[in-house]
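Here is the structure we will look at.
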Amino acid sequence: MISQGLLFLTPLFPLMLAVLACFERFKKNAGILAVIAVLPALLLSLLHLGQLEATYLSMPAVLLGSVWHTHPTGMTFLLFTSVLWFFSALYGIGYHKADDKAQRFWILWLLTLSGNLGLLVSADIISFYGFFALMTFAGYGLVIHTGKELALRAGRIYLIMAVIGEMLILTALFLGSAATGHTSILAQDIAAAIPESNYLNLVMFCLFFGFGVKAGIPLMHLWLPLAHPVAPTPASAVLSGAMIKAGLFAWISLFPLGYLQSSAWGMLLILFGFVASFGGGLIGMLQQAPKAVLAYSSISQMGLMTVTIGCLFLKPELTPIVIPALAFFALHHALSKGALFLSVGINNQYQSIPIMLFVIGMLLPALSLVGLAGSGIQAKLLLKEGLYALYLPGIVTGITLSALATTGLMFRFLWLLRQERRESGQVTSADPWMQLSWAGLLLCGFLAPVMFSGNLETQSILQQPFEYLGLLWVPVIASIFAVWFISHPLRASVPQGDIIVLIEPWFSIKEASAGAKETRTKPNLLVWADKDQQPTPSATLEIFSRSQVAALLGVLLLFANVLIWLY
Amino acid sequence: MNMILSPIPWLLVIPLAGAVLTMLVPYHWRSPASVVGIFTQLMASVVLWYQVTHYGPQFYAMADWQAPLGIALRADGLATLFILMSSLVASACAFYAHAYLSLQKRAHFWPLLWFLWASLNGIWLAADTFNLYVGLELLTFAAVGLVAFASDERSLEASIRYLYAALLGSMAYLLGVALLYGAQGTLSMDSLAETWHWGPTNQVAVTLILGGLLLKTAVFPLHTWLPPAHGGALTPVSALLSALVIKASFYILLRFWIEFQIYQFLPSLSQLLGALGAGAILWGGWMALRQTHLKMVVAYSTVAQIGYMTLMFPLLVAESSEASLLAYQGGILMLLAHAFAKAGMFLAAGNLIFCTGKPDLVSLAGMSRYRPLNIFAFGLAGVSLMGLPPSGGFNAKWLLLQSSFMSGQWWWIVVLLLGNLLSAAYVFRVFAYTYQETDALDTYKRPKLSLELIALGLSVGSILLGFISVWPLEMISLPGPVMEALP
Amino acid sequence: MNWFDWLPLAILMTSFMAATIIFMLPEQRHILRSTVNLGAACIKLILIVFLIQVVLKQQYPEIRLEVLPGLDLILRADSLAILFAGLSSVLWLFTTLYAIGYLENSPNRSRFFGYFSLCVASTMGISLAGNLFTFLIFYELLTLSTYPLVVHRGNAASIKAGRTYLIYTLSGGVVLLLGVASLYALGGDIAFGDIERTAALVGTWPELMTIIFILLIAGLGVKAAIFPFHGWLPTAMVAPAPVSALLHAVAVVKAGAFGIVRVVYDIYGIELSWQQGFLFPIAVLASFTILYGSWRALQQSDIKKRLAYSTVSQVSYILLGISIFGPLGTIGGLVHLLHQGLMKVTLFFCAGNFAETLGIHKIHELDGVGKRLPLTSAAFTVGALGMIGLPPVAGFISKWYLGMGALEANMEWVIFVLIGSSLLNAAYFLPVLKRIWFNPQQGQWPLEVINNNRDAIPLLLIPALVTASLSIAAGLFASSILSPLGWAELITLREYLR
Amino acid sequence: MDTNLIFTLCGVGLCGIGFFGFIYHRHLLRRLIAFNLIGNGTFLIMVGFAQRGQGVTDHVIQALVLTGIVVAVAATALGLVLIRRWFQLKGSTQLPEDDAS
């Protein structure tokens with residue numbers, strides 16, 4: 001009964017608070033509402049973490065018969081999502097102290113939150129789709145909150161990609177529900193029915209690319225490196241930590257995992273995953289803004305999760321083992337990435353804190369992400385363990401090597417933070433809310449294996465030191481390269497969103513060009529900087545022409561097609 | 001039958017007596033006397049209707065003088081329906097005129113009206129061809145007098161044209177009747193029908209009669225006299241002329257056509273009549289669309305509407321009794337609906353012109369705001385004329401359409417539908433003018449409420465006819481010479 | 001005759017009486033006029049509720065009057081009739097409220113409200129018509145009574161729009177008349193639901209009956225604004241906002257769509273139509289209209305014009321649903337009849353509020369309106385999201401059923417039409433929403449009417465909010481028995497069981 | 001050739017001349033006279049019919065012709081009144097040519 005009440009409140013409590021936040025009274029302090037909004041979700045997830053029995057709340061009159069539930073995997077997701085939103089909101093209270101548009105921000109925050117939490121408890125695709133859309137479209141407001149030119153551009157691309165994604169998803173849902181013989185709208189039934197569908201490949205395609213927009217798979221990732229950095233820092237944290245996982249969660253609930261063995265789809269996903277993982281790392285290392293680096297790191301990490309899902313199409317029987325590990329990996333990434341984003345906001349606000357403590361605080365989540373500390377160790381080990389069970393050694397090696405990219409990204413990130421600190425020079429006193437939430441998130445990330453592992457069997461690293469060595473060797477090699485790079489600064493850079501700069505002129509919106517014809521510089525994918533580190537148009541070099549990119553995309557799609565049809 | 005008990009003589013005697021009386025008594029007494037007369041007329045019509053529906057067709061010989069020298073009268077369902085129609089419309093127009101005209105004018109109006117009424121009743125009830133001639137001529141004189149009543153140049157010119165056209169028509173008719181008498185030795189409709197044979201004399205006679213009646217009915221292309229006469233006369237007169245007077249010659253034509261079964265023997269002539277009707281519909285509609293004066297629009301609309309009535313002739317085909325019956329019903333219903341609608345429309349138009357003081361369309365701007373009730377009346381009449389449901393006009397067109405389908409003459413369907421659009425175009429053109437909001441503030445005169453209500457009443461009548469069409473159709477289906485002669 | 005047989009007539013007469021009384025009232029009797037208007041609307045709603053009770057018991061009130069020999073005027077309430085009558089009467093109430101607020105201090109209200117009531121009376125007649133002849137009568141009456149509303153402003157633009165409106169609708173009416181008359185000539189008076197008679201006729205004259213079908217659909221398609229006949233709808237935008245609401249949501253386009261529903265389901269019968277291959281061309285035409293309307297909407301810079309093209313597109317959803325053979329598609333089409341009405345009326349109310357309160361007519365003037373008129377903007381947002389088809393707004397439910405129905409009928413390509421249209425809908429609504437909520441205000445409002453409220457005046461605001469809430473409720477509680485979806489399912493059940 | 005035919009032929013001739021005059025002339029009085037000619041022709045034809053019996057005249061026809069003559073006289077009188085009035089108003093003896101109608 002309590003569970004059902006909490007289930008009901010999980011998405012609706014934030015929604016009600018959003019309405020409340022509209023009132024004049026909450027003009028200044030709507031942030032408080034955002035903090036308490038996650039409480040039902042937090043409570044629910046803690047109550048149900050690790051329980052295999054699901055609780056159902058069915059509302060036959062609502063929509064087409066809505067059913068909400070506490071799915072075991074969903075609870076892990078719900079847990080880190082609510083934790084991350086909680087601390088980010090706390091952080092935001094400080095961050096938006098002087099913001100006169102804060103009320104609007106918090107209303108949208110609550111709406112996005114409601115969507116994000118709701119989709120995690122939805123058992124039927126209609127409410128799932130509804131919450132997903134709510135999260136997506138309210139999230140737009142978070143992205144463009146600052147109202148600056150860059151933010152608006154990012155928002156525009158976000159929106160376009162999001163709408164395309166929504167439409168792919170809707171197609172998939174139509175076909176999926178039809179596959180059940182129009183009898184069920186429950187996600188689990190649909191997942192089971194998809195292999196029998198006449199349009200199996202179309203459904204898979206739509207699901208993969210539709211939710212891939214959120215999850216940032218290659219080609220669908222274009223918005224991500226633009227949107228994550230321009231949003232206000234707390235929003236960046238939840239975007240990159242929690243909302244990005246909505247795509248993954250959707251895959252887990254709607255892909256016919258365990259029902260479908262298809263090496264074509266498996267290989268395709270693995271391919272896309274590794275491209276994301278390494279490509280994201282490579283491009284991320286050529287970024288100029290710390291948040292952009294983090295965004296590419298998210299793409300890279302999501303790539304690993306995509307690989308894992310892909311493996312499950314090769315060996316469907318192991319789904320029950322791998323999925324919890326994957327969920328834990330997502331949890332680890334969310335908390336670590338959230339902490340990293342939050343640290344950007346307090347980069348030079350460490351007055352009255354011992355500098356060492358601060359540096360450790362910065363380092364800890366980075367190490368965790370590389371897999372050398374905190375939740376990272378357990379997450380990586382669990383994932384690898386699962387994949388070993390699949391007898392796919394090559395893929396494990398690939399995942400191990402991906403730490404190379406992650407390490408590089410973390411170095412780049414910390415390096416850029418340091419640069420930034422040096423340039424601004426001034427150290428101000430931090431807002432207590434921001435510090436508190438940052439610290440809280442760090443703590444959660446560090447203690448996650450203990451607190452949040454649920455019924456996963458985690459072993460302390462102290463009991464298996466050799467495993468740790470296995471995790472260690474790649475980052476060490478990477479560090480050597482990285483140190484060399486730091487002493488020989490790279491002069492190349494890639495604009496945020498990489499190939500988007502080539503595509504953008506094609507679909508420039510009429511409204512945008514309605515104004516005065518601004519002179520557009522020729523878009524370039526790779527920019528070589530001058531010695532003074534200031535990239536100027538005169539010194540640019542275009543390495544990929546637009547047509548080449550188009551050709552590349554075509555080849556990739558063709559490849560995907562061939563794979564699909566071959567198998 | 002006793003003269004006192006039968007309403008038929010009253011229908012002739014009262015108007016004639018009224019005409020004489022209103023010529024003689026002082027001005028102030030003429031209106032009250034006429035009002036009494038109108039009520040007796042209405043009562044007589046209703047009594048006749050009662051008798052005909054309950055006891056079948058009625059025959060009456062004036063002063064018991066039998067044919068051929070006496071005046072024989074008969075009232076079958078068709079005649080009774082027309083008596084009722086003319087009584088209602090003429091009374092409405094009379095009351096309108098009473099409110100509309102000055103005392104002086106009114107005093108001269110009454111005798112003419114009563115003559116008109118008498119001749120109409122005479123025509124509806126006449127049982128022999130010569131009485132029809134007398135009725136036609138008397139009608140012409142009264143109508144010409146009424147047209148000239150406005151006593152300005154335009155109406156005078158119109159009345160002269162009208163007179164000449166009418167005289168020519170009557171003379172042709174008379175010649176035809178004379179030839180018929182020569183061939184068959186009788187004037188009575190019934191005997192003519194019984195002894196009818198298609199000799200050359202009869203053919204010439206029929207041609208002459210047809211020509212004369214077409215001219216008097218203003219069927220395209222013999223319509224040129226009509227628009228100036230109907231458009232130029234005073235408002236109540238226009239209404240009377242358009243609603244009733246042209247129907248008289250049409251009525252005679254109809255009776256000849258069916259009772260002597262001309263349709264059976266001259267199918268190509270039927271098609272010719274239909275073609276004339278189609279021409280009238282299209283040309284009349286087109287011309288109405290191009291007029292700049294309100295009453296001229298309405299007058300040309302009459303030309304077009306006559307075309308619809310004429311369309312019933314080609315649809316009366318011997319092969320299909322069902323199609324013929326539908327066509328007959330459709331034609332009569334069209335005639336009835338037109339009588340009410342056109343009277344209502346002319347009266348409403350007259351009110352509008354009275355308001356603005358100008359006869360042209362452009363000065364109607366803002367009228368729909370200033371006189372909504374009147375515009376509404378105009379609109380309702382327009383609905384019936386356009387043949388839009390629910391209205392008598394629509395039902396009539398529906399019947400004609402069905403008849404065209406039945407007899408397989410699809411080309412009339414095209415004409416009917418095109419005509420619909422054309423009439424909609426000219427009615428709504430007027431409407432658009434009344435909705436215009438011009439900045440200039442004009443001073444409007446305000447017509448009496450009774451004037452507007454009478455116009456509205458007639459228009460509502462034409463709409464109401466759409467709901468009670470069964471009743472007049474039953475009426476004309478009562479046994480009578482026309483019904484017997486239908487296939 | 002049972003007592004309830006008089007209900008359809010009573011419902012019809014309520015509006016007629018209201019119209020008559022209002023025409024008689026002098027211009028300055030505003031309060032009395034509003035009372036009559038609202039009173040009639042409420043009485044009608046109550047009567048409809050009675051009617052629903054009766055129809056739920058599978059009793060179908062009927063009253064008939066012989067107009068011509070062998071031809072009856074039939075008023076009959078079946079479940080489909082209730083669907084449309086219920087929609088119109090609910091929306092009429094709010095549109096009346098809105099119109100009272102909208103036309104405050106403007107001239108010619110007597111004329112306006114008179115024709116307004118007449119218009120709704122004809123809509124009631126259309127919904128309760130028991131045969132094609134009755135339908136035709138009220139269909140034409142609707143044309144006539146909306147014309148004065150379209151040209152209400154009396155300026156050159158509205159007169160011109162009125163002319164366009166008439167040219168389209170009267171021509172459509174003539175084509176419809178031709179179809180109805182030919183059908184009558186072949187088979188006599190065919191009541192709605194008497195599909196066996198039609199089936200026999202199709203057996204005898206297959207070609208003729210095909211031509212008649214085309215005539216009927218083409219005639220009705222003009223009001224339903226199917227592709228080549230949609231031109232009047234955007235032109236008629238010059239009319240006042242409540243009239244636009246009436247045209248787009250409550251009465252006119254719906255009358256066309258409803259007529260097509262009647263022809264397909266109750267004259268020819270869905271199965272026969274399917275066997276004869278009538279449905280596929282409609283589906284193609286509807287799909288094309290959906291995409292074309294959305295595409296044109298994208299190019300408009302005037303708010304109401306954009307909404308108008310959106311209607312062109314959305315109404316064809318209904319037709320698409322009709323042309324999909326199978327219960328799910330039918331449900332989708334029928335339910336969209338209601339949903340589109342609710343959502344579109346909301347959008348027009350809001351557009352009217354923007355225009356009335358701030359003088360905003362163009363989309364680029366909407367920058368920052370969300371701050372100035374938050375509630376109106378919220379209602380607009382609900383309507384727009386519904387049009388895109390996002391749950392829980394009602395539009396999603398229709399789209400879902402249409403998609404499911406298409407798959408059920410093996411018409412997969414329809415999915416892509418739906419998706420494409422949603423994409424285009426998003427493309428023309430989302431930038432508007434962005435302007436409303438996120439763009440800063442640019443200078444002064446074009447023509448601000450100062451009032452003491454934070455938002456538009458209550459009479460304009462409340463109807464918009466109520467219809468917005470109804471659009472959400474219709475979607476959110478779609479599976480409850482009283483929802484539009486529930487009723488559409490009931491109709492479909494009865495239809496397919498036959 | 002019997003008298004009957006002579007009457008008829010004369011009548012038809014008169015009618016023809018009258019009809020020609022009616023169409024051809026613009027002068028209002030001439031047209032009125034032309035109308036009277038037609039009328040007389042018609043009456044002549046009718047009187048011809050009346051002679052058809054063997055020396056017995058048909059009273060009906062005579063009555064009709066008599067009535068017809070009265071009517072024609074009345075019509076002529078009405079026409080004259082109107083023409084006079086027209087002449088007073090416009091000073092013209094013919095109607096203006098109206099191309100429109």
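So that the names make sense, note that chain A is the first sequence line, chain B the second, and so on, each numbered from 1. All values derive from a computational prediction rather than experimental measurement. No hydrogens, no waters, no symmetry mates; every other heavy atom, side chains included, goes into these values.
- Contacts between C:L476 and chain A at a heavy-atom distance below 4.5 Å involve backbone atoms as well as side-chain atoms.
- Surrounding CH2 of C:W274 are more than 12 heavy atoms belonging to other residues, nucleotides or ligands, all under 6.0 Å away.
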With side chain to side chain contact (heavy atoms under 4.5 Å, CB included) as the test, would you mind laying out the steps for C:W400 and A:I125 before giving the verdict? CA-CA 11 Å; C:W400 180 260; A:I125 50 171; 3.5 Å; yes
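- The shortest non-hydrogen separation linking C:P391 to A:I126 is CG-O, 4.0 Å.
- Pairing each heavy atom of A:R104 with each of C:W437, the nearest pair is NH1-O, 3.3 Å.
- Contacts between A:F131 and chain C at a heavy-atom distance below 4.5 Å are absent for every atom of the residue.
- Counting heavy-atom pairs closer than 4.5 Å to chain A, the top residue among C:K371, C:E412, C:H364 is C:E412.
- With respect to chain A, the highest number of heavy-atom pairs below 4.5 Å among C:L423, C:I415, C:L390 belongs to C:L423.
- For chain A, no part of C:L433 is nearby; none of its heavy atoms comes within less than 4.5 Å.
- For the pair A:G65 and C:S479, the tightest heavy-atom approach, listed with the atom from each and the gap, is N-OG, 3.3 Å.
- For A:L134, no part lies under 4.5 angstrom from a heavy atom of chain C.
- Residues C:K399 and A:L170 are in side-chain contact: their nearest non-hydrogen atoms beyond the backbone lie under 4.5 Å apart.
- The closest side-chain heavy-atom distance from C:I388 to A:F137 is not below 4.5 Å.
- Crowding of A:F26 atom CZ: a count of heavy atoms from other residues, nucleotides or ligands under 6.0 Å exceeding 12.
- With a threshold of 4.5 angstrom between heavy atoms, A:I185 approaches chain C through side-chain atoms but not through N, CA, C or O.
- More than 12 heavy atoms of other shown residues, nucleotides or ligands fall within 6.0 angstrom of atom NZ in A:K101.
- With a threshold of 4.5 angstrom between heavy atoms, A:L64 approaches chain C through its backbone and through its side chain.
- Within the model, atoms CD1 of A:I144 and CG of C:N439 stand 7.5 Å from one another, a figure rounded to the nearest 0.5 Å.
- Contact count versus chain C (heavy atoms, under 4.5 Å) is highest, among A:S127, A:S177, A:G181, for A:S177.
- Proximity to chain A (any heavy atom under 4.5 Å) is shown, for C:I481, by neither the backbone nor the side chain.
- Here the closest non-hydrogen pair linking C:S422 and A:M167 is CB-SD, 3.4 Å.
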List the steps, then state whether side chain to side chain contact (heavy atoms under 4.5 Å, CB included) holds for C:I419 with A:L168. CA-CA 8 Å; C:I419 296 294; A:L168 287 172; over 6 Å; no
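- Looking at C:L385, there are no atoms closer than 4.5 Å to chain A (heavy atoms on both sides), in backbone or side chain.
- Using a 4.5 Å cut-off between heavy atoms, A:L108 contacts chain C through its side chain alone, with no backbone atom that close.
- Closest heavy-atom contact between A:A178 and C:L407: CB-CD1, 3.3 Å.
- The environment of C:K305 atom NZ is sparse: at most 12 non-hydrogen atoms of other residues, nucleotides or ligands sit within 6.0 angstrom.
- Only the side chain of A:A133 comes within contact range of chain C, with at least one heavy atom under 4.5 Å from a heavy atom of that chain.
- The distance from the OH atom of A:Y140 to the CG atom of C:L430 is 8.5 Å, given to the nearest 0.5 Å.
- The neighbour count for C:L482 CG, taken as heavy atoms of other residues, nucleotides or ligands under 6.0 Å away, does not exceed 12.
- Between C:M404 and A:H182 the shortest heavy-atom distance is O-CE1, 3.2 Å.
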